[in-house]
Amino acid sequence: MASSTALSLSWSSSPCWSHSFNGGANETLTVSERRFNFEVVSQKKAKKLRKVILKEDVTDLGKQGQLLDVKAGFFRNFLLPTGKAQLMTPLLLKELKMEDERIEAEKQRVKEEAQQLALVFETVGAFKVKRKGGKGKQIFGSVTAQDLVDIIKAQLQRDIDKRLVSLPEIRETGEYIAELKLHPDVTARVRINVFAN
């Protein structure tokens, strides 16, 4: 090349660019170095979860009052518009704990009442049931749960649901044991004496 304005660029270790021109005069042009720091940070896709409390039972998710982590979109698009959940806040957590304590105290009170009632039934002795007699020890008809409930109401002035009474089949005179399921943890055993008239 026979051009007089050829440009040659060279990288120097000093913080400047050096330009030389081949021509009538050698000139060096220095330009201050600019540093551009690019920092590239790659992140995994952040999981966006929300802590919520269910206001009502939701199938395949949980029961009322349960604290759950659900995806933000599910909360925003389904749970919140339908009113089935509420975002968790410290105040709400405190109220939830107080409600749980109140419910637990109520359950304990009901259980203690059932235990006292079971003690009453077991100390009363045997309930007497009279039926019309047949041949030998046989009686006409049978003694049902409703009969036992009526006798308990007449003697002790206590209302018992007949669905709580578990009786063996009674078709003869004699002594039998019935069970009263007063609470899931408390069962009272009651003696029944069946007499023929």
Side-chain angles (χ1 to χ4, degrees), residues 37-127 129 141-171 176-192:
N37 292 329
F38 293 103
E39 189 172 326
V40 177
V41 178
S42 68
Q43 297 179 2
K44 291 182 181 177
K45 188 172 181 181
K47 291 189 177 186
K48 298 176 182 172
L49 296 176
R50 300 285 183 257
K51 282 197 174 296
V52 297
I53 294 179
L54 295 179
K55 290 182 178 177
E56 58 187 69
D57 293 351
V58 179
T59 54
D60 298 331
L61 189 62
K63 302 260 184 214
Q64 179 180 359
Q66 194 173 357
L67 178 64
L68 298 170
D69 286 331
V70 296
K71 292 192 176 183
F74 182 61
F75 172 71
R76 183 179 59 246
N77 296 324
F78 176 69
L79 295 175
L80 186 62
T82 57
K84 295 185 183 219
Q86 186 173 355
L87 267 178
M88 186 63 198
T89 61
L91 180 63
L92 200 57
L93 182 63
K94 185 177 179 182
E95 289 176 5
L96 184 66
K97 284 182 182 178
M98 288 175 54
E99 182 69 18
D100 286 345
E101 290 172 1
R102 186 191 64 77
I103 289 172
E104 195 61 38
E106 179 68 21
K107 285 181 182 177
Q108 186 64 30
R109 184 189 62 79
V110 168
K111 184 177 178 181
E112 288 173 1
E113 284 181 5
Q115 288 172 337
Q116 290 174 354
L117 190 57
L119 186 64
V120 166
F121 283 136
E122 290 173 1
T123 56
V124 159
F127 291 101
V129 179
S142 65
V143 178
T144 63
Q146 185 62 50
D147 296 331
L148 182 59
V149 168
D150 293 339
I151 292 169
I152 290 172
K153 186 168 185 175
Q155 289 184 7
L156 300 177
Q157 288 79 36
R158 300 277 183 165
D159 287 326
I160 303 290
D161 188 1
K162 71 177 184 179
R163 292 174 290 191
L164 302 176
V165 178
S166 173
L167 272 177
E169 189 172 325
I170 303 175
R171 295 191 178 270
Y176 298 92
I177 302 246
E179 291 185 350
L180 303 174
K181 189 88 169 163
L182 302 172
H183 186 271
D185 299 333
V186 180
T187 302
R189 296 172 60 90
V190 178
R191 289 185 300 139
I192 303 169

Visitor: List in chain and number order the residues that pass salt bridge (Lys or Arg N to Asp or Glu O under 4.0 Å) with Asp161, two or more places apart in sequence or in another chain; answer none if no residue qualifies.
Guide: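 Scan of Asp161 (salt bridge (Lys or Arg N to Asp or Glu O under 4.0 Å), adjacent residues dropped) gives Arg163.
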
Visitor: Could you note down all residue pairs passing ring-ring contact (aromatic ring centres under 6.0 Å, His included) where residues 104-125 supplies at least one of them, sequence neighbours left out?
Guide: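 Residue pairs with at least one partner in residues 104-125: there are none.
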
Visitor: Can you tell me how far apart CG (Leu96) and CG (Leu67) are? Round to the nearest 0.5 Å.
Guide: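 So the gap between those two atoms works out to 7.0 Å.
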
Visitor: For Ala145 and Leu167, work out which heavy atoms get closest and say how close.
Guide: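 In this case the closest contact between Ala145 and Leu167 is N-CD1, 3.5 Å.
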
Visitor: Please round to the nearest 0.5 Å and tell me the distance separating atom CG of Leu87 and atom CG of Leu80.
Guide: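 Answer rounded to 0.5 Å: 7.0 Å.
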
Visitor: Taking only residues two or more places apart in sequence or in another chain, which ones pass salt bridge (Lys or Arg N to Asp or Glu O under 4.0 Å) with Lys153?
Guide: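 Testing Lys153 for salt bridge (Lys or Arg N to Asp or Glu O under 4.0 Å), a comparison that skips the adjacent residues, returns Asp159.
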
Visitor: If the condition is side chain to side chain donor-acceptor pair (under 3.5 Å), which residues does Glu101 pass it with, not counting sequence neighbours?
Guide: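 Per chain and number, Glu101 pairs via side chain to side chain donor-acceptor pair (under 3.5 Å) with no residue.
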
Visitor: First locate atom CD1 of Ile160, then atom CG of Leu148, and finally report the distance between them rounded to the nearest 0.5 Å.
Guide: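 Ile160 atom CD1 to Leu148 atom CG measures 9.0 Å (nearest 0.5 Å).
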
Visitor: Not counting sequence neighbours, which residues clear side chain to side chain donor-acceptor pair (under 3.5 Å) with Arg158? List them please.
Guide: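 Arg158: no side chain to side chain donor-acceptor pair (under 3.5 Å) contacts found.
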
Visitor: Could you list the residues that satisfy side chain to side chain donor-acceptor pair (under 3.5 Å) with Asp150, not counting sequence neighbours?
Guide: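 Testing Asp150 for side chain to side chain donor-acceptor pair (under 3.5 Å), a comparison that skips the adjacent residues, returns Gln146.
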
Visitor: Could you tell me if the side chain of Lys111 sits less than 4.5 Å from the side chain of Lys107, heavy atoms only?
Guide: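 No; the side chains remain at least 4.5 Å from each other.
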
Visitor: Any chance you could measure Leu61, atom CG, to Leu79, atom CG, to the nearest 0.5 Å?
Guide: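 These two atoms lie 6.0 Å from each other.
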
Visitor: Closest approach of Pro168 and Tyr176, non-hydrogen atoms and distance?
Guide: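 Smallest interatomic distance, heavy atoms only, reads CG-CD2, 4.2 Å.
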
Visitor: How far does CZ of Phe127 sit from CG of Asp147, to the nearest 0.5 angstrom?
Guide: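 Reported to 0.5 Å precision, the distance equals 13.5 Å.
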
Visitor: Taking only distance into account, with no hydrogens and no angle test, what donor-acceptor pairs under 3.5 Å do side-chain atoms of residues 177-191 form with protein atoms, sequence neighbours excluded?
Guide:
| residue | atom | partner | partner atom | Å |
| --- | --- | --- | --- | --- |
| Glu179 | OE2 | Arg189 | NH1 | 3.2 |
| Lys181 | NZ | Pro184 | O | 3.4 |
| His183 | ND1 | Asp185 | N | 3.1 |

Visitor: With sequence neighbours left out, which residue pairs that include part of residues 91-100 fulfil the side-chain hydrogen bond (donor to acceptor under 3.5 Å, both in side chains) condition?
Guide: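 Of all non-adjacent pairs touching residues 91-100, those that pass side-chain hydrogen bond (donor to acceptor under 3.5 Å, both in side chains) are Glu99-Arg102.
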
Visitor: Under the rule for side chain to side chain donor-acceptor pair (under 3.5 Å), what residues qualify as partners of Gln157, not counting sequence neighbours?
Guide: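 Counting only residues at least two positions away or on another chain, Gln157 forms no side chain to side chain donor-acceptor pair (under 3.5 Å).
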
Visitor: With sequence neighbours excluded, what pairs up with Glu106 under the salt bridge (Lys or Arg N to Asp or Glu O under 4.0 Å) test?
Guide: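 Counting only residues at least two positions away or on another chain, Glu106 forms a salt bridge (Lys or Arg N to Asp or Glu O under 4.0 Å) with Arg109.
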
Visitor: Any side-chain hydrogen bond (donor to acceptor under 3.5 Å, both in side chains) involving residues 63-92? Give me the pairs, sequence neighbours left out, ordered by first then second residue.
Guide: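 Found Lys51-Asp69.
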
Visitor: Considering residues at least two apart in sequence or located in another chain, which fulfil the salt bridge (Lys or Arg N to Asp or Glu O under 4.0 Å) criterion with Glu122?
Guide: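 Glu122: no salt bridge (Lys or Arg N to Asp or Glu O under 4.0 Å) contacts found.
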
